[in-house]
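Data first, discussion second: the structure below is written as structure tokens.
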Amino acid sequence: MSARDLLSWYDRCSRDLPWREDQDPYRVWISEIMLQQTRVETVIPYYRRFLERFPDVGALGKAPLDEVLSLWSGLGYYRRARQLHGAAKMVAQNGGDFPTTAAQLRELPGIGPYTAAAVASIAFGEVIPVIDGNVERVLARQLALGEDPRKISGRRKVIAGAAELLDNGRPGDSNQALMELGATVCTPRNPRCGECPLAGRCQALELDQVEMFPLPKTRKPAQRLRRRVALVLDGEKVLLFRRPQDSELLAGTWELPWVEADGKSARDSERELSLRYSGLWNLGPQVAEVRHSITFRSLRLEVHRAQISSQLTVADGPEAGWFAAEEILDLPTSSQVQKVLGAAGPGVAEQKNL
DNA sequence: CATACGTGGAG
DNA sequence: TCTCCAAGTAT
């Protein structure tokens with residue numbers, strides 16, 4: 001049972017993933033950004049589309065931000081897309097050559113300690129351990145760590161453990177092996193300890209308390225919110241508004257007009273809509289209800305048909321536009337919008353019973 | 001150091 | 001339905 005066992009396990013059992021076809025820094029970088037807090041299965045189709053459209057850092061740097069956001073639509077954490085684009089411009093400016101060390105990579109927007117170490121070790125062979133959620137969990141179990149692996153003291157122990165398991169000859173594979181182990185064997189629930197190449201050195205297993213580690217994180221309870229969403233149609237076209245590029249939430253994406261509904265009458269909502277988006281609003285019947293959750297908020301979206309005065313001067317409010325269904329596919333949108341339009345979009349609204 | 005940022009799958 | 005949380009980063 002040793003670091004060598006981990007690497008040989010990886011050589012035998014690693015998954016075939018599209019970003020493992022080579023060690024091109026651009027491709028490794030894109031995959032690492034997409035994989036931040038996002039599951040492998042979710043990332044794969046996005047990664048393929050993205051690489052097809054932006055095959056190299058030059059292509060990405062030259063592209064309009066809107067197109068990048070559009071290919072990111074539904075993937076979440078949209079700040080990643082803007083920072084990716086910003087970093088691509090910086091790298092392209094530098095002749096297309098990536099920084100080659102973790103310390104230099106760390107300077108690029110969107111690249112923190114984890115991503116810098118991942119790209120440096122995988123693409124450039126730097127001997128540096130990566131610490132992600134998988135590694136924290138694997139090491140917390142190995143060490144039966146009785147403290148939060150994200151706090152200073154715990155983190156020190158995790159780093160030491162990861163460094164010990166690092167193979168100096170193949171740091172990239174070695175790092176991926178530890179993450180792969182966490183993703184496929186040393187899973188949060190129902191770990192498959194019988195298949196673990198490190199089982200012999202696992203203190204949590206020895207105590208028969210594998211699932212007790214790592215210590216649970218404290219979690220903020222989700223807020224419950226009810227919102228009224230206005231579906232304004234002009235023939236096949238839907239009225240959408242763009243969120244400001246500097247908004248904290250879903251920046252730069254297009255959304256349907258909405259207001260908080262909690263404790264408010266439909267009349268209140270009409271007034272708020274006109275205040276926020278300008279124009280005169282008339283809320284019609286509800287045509288759908290959509291549930292959606294977004295970072296500690298669970299949303300109940302009541303979708304209403306609505307009309308707006310024809311003398312709407314959108315120049316007074318946020319950027320607005322009318323779009324047909326096919327056009328919306330090419331727009332930066334969030335998954336929330338896709339859900340609502342799927343449930344109550346043009347042509348569907350009439351068939352909905354509510 | 002705590003908090004905010006999206007989303008969808010699993011149990 | 002509900003809770004947890006996944007290859008983190010920025011503030």
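Just so it is clear, the model here is predicted, and its values are computed rather than measured. Any value given below was found using the heavy atoms of this structure, including those in side chains, with hydrogens, waters and symmetry copies removed. Order of the sequence lines sets the chain letters (A, B, ...), proteins ahead of strands, with each chain counted from 1.
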Exercise. For E302(A), which residues count as a side chain to side chain contact (heavy atoms under 4.5 Å, CB included) partner, sequence neighbours excluded?
Worked result: R226(A), R228(A), Q286(A), R300(A), H304(A)

For this session: Mind running salt bridge (Lys or Arg N to Asp or Glu O under 4.0 Å) on E272(A) and K264(A) for me, showing each step along the way?
Result: CA-CA 10 Å; E272(A) 284 188 33; K264(A) 287 169 187 161; 3.2 Å; yes

Problem set entry | Separation of atom CZ in R300(A) from atom P in dC2(C), rounded to whole Å | 11 Å

Exercise. When the P atoms of dT11(C) and dG6(B) are considered, how many whole Å apart are they?
Worked result: 14 Å

For this session: Find the distance between CD1 (I122(A)) and CZ (R170(A)) and round it off to the nearest 0.5 Å.
Result: 12.5 Å

Problem set entry | Stepwise side-chain contact (heavy atoms from CB on, under 4.5 Å) test for V290(A) and V229(A) | CA-CA 10 Å; V290(A) 174; V229(A) 176; over 6 Å; no

Exercise. Contact class for Y78(A) (heavy atom, under 4.0 Å): base, sugar-phosphate, or nothing?
Worked result: sugar-phosphate

For this session: With P as the reference atom in both, quote the distance from dA7(C) to dG11(B) in angstrom, rounded to an integer.
Result: 15 Å

Exercise. Which distance, rounded to the nearest 0.5 Å, do you find between the CG of D132(A) and the CZ of R137(A)?
Worked result: 8.0 Å

For this session: Scan I33(A) against the nucleic acid and name what it touches under 4.0 Å (heavy atoms): base, sugar-phosphate only, or nothing.
Result: nothing

For this session: Look at the aromatic rings of W19(A) and Y47(A) and report parallel, tilted or perpendicular, splitting at 30° and 60°.
Result: perpendicular

Exercise. Which class fits the ring pair W29(A) and F98(A): parallel under 30°, tilted 30 to 60°, perpendicular over 60°?
Worked result: perpendicular

For this session: Write down the distance between CG (L299(A)) and P (dC2(C)), rounded to a whole number of angstrom.
Result: 13 Å

Exercise. Relative to the ring of W281(A), is the ring of F241(A) parallel (under 30°), tilted (30 to 60°) or perpendicular (over 60°)?
Worked result: tilted

For this session: Tell me which of T218(A) and T295(A) sits closer to the 5' end of DNA chain B, going by the nucleotide each one is nearest to.
Result: T218(A)

Seminar exercise, completed: Quick tally for nucleotides 5-11 of chain C: nucleotides whose base has a protein heavy atom under 4.0 Å get B, sugar-phosphate-only ones S, the rest -, giving BBBBBS-

For this session: Provide the start and end nucleotides, 5' to 3', of the part of DNA chain B that has atoms under 4.0 Å from heavy atoms of chain A.
Result: dC1(B) to dG11(B)

For this session: Pick base, sugar-phosphate or nothing for E248(A), based on heavy-atom distances below 4.0 Å to the nucleic acid.
Result: sugar-phosphate

Problem set entry | Cation-aromatic face contact R53(A)/F50(A), 6.0 Å, 45 degrees | no

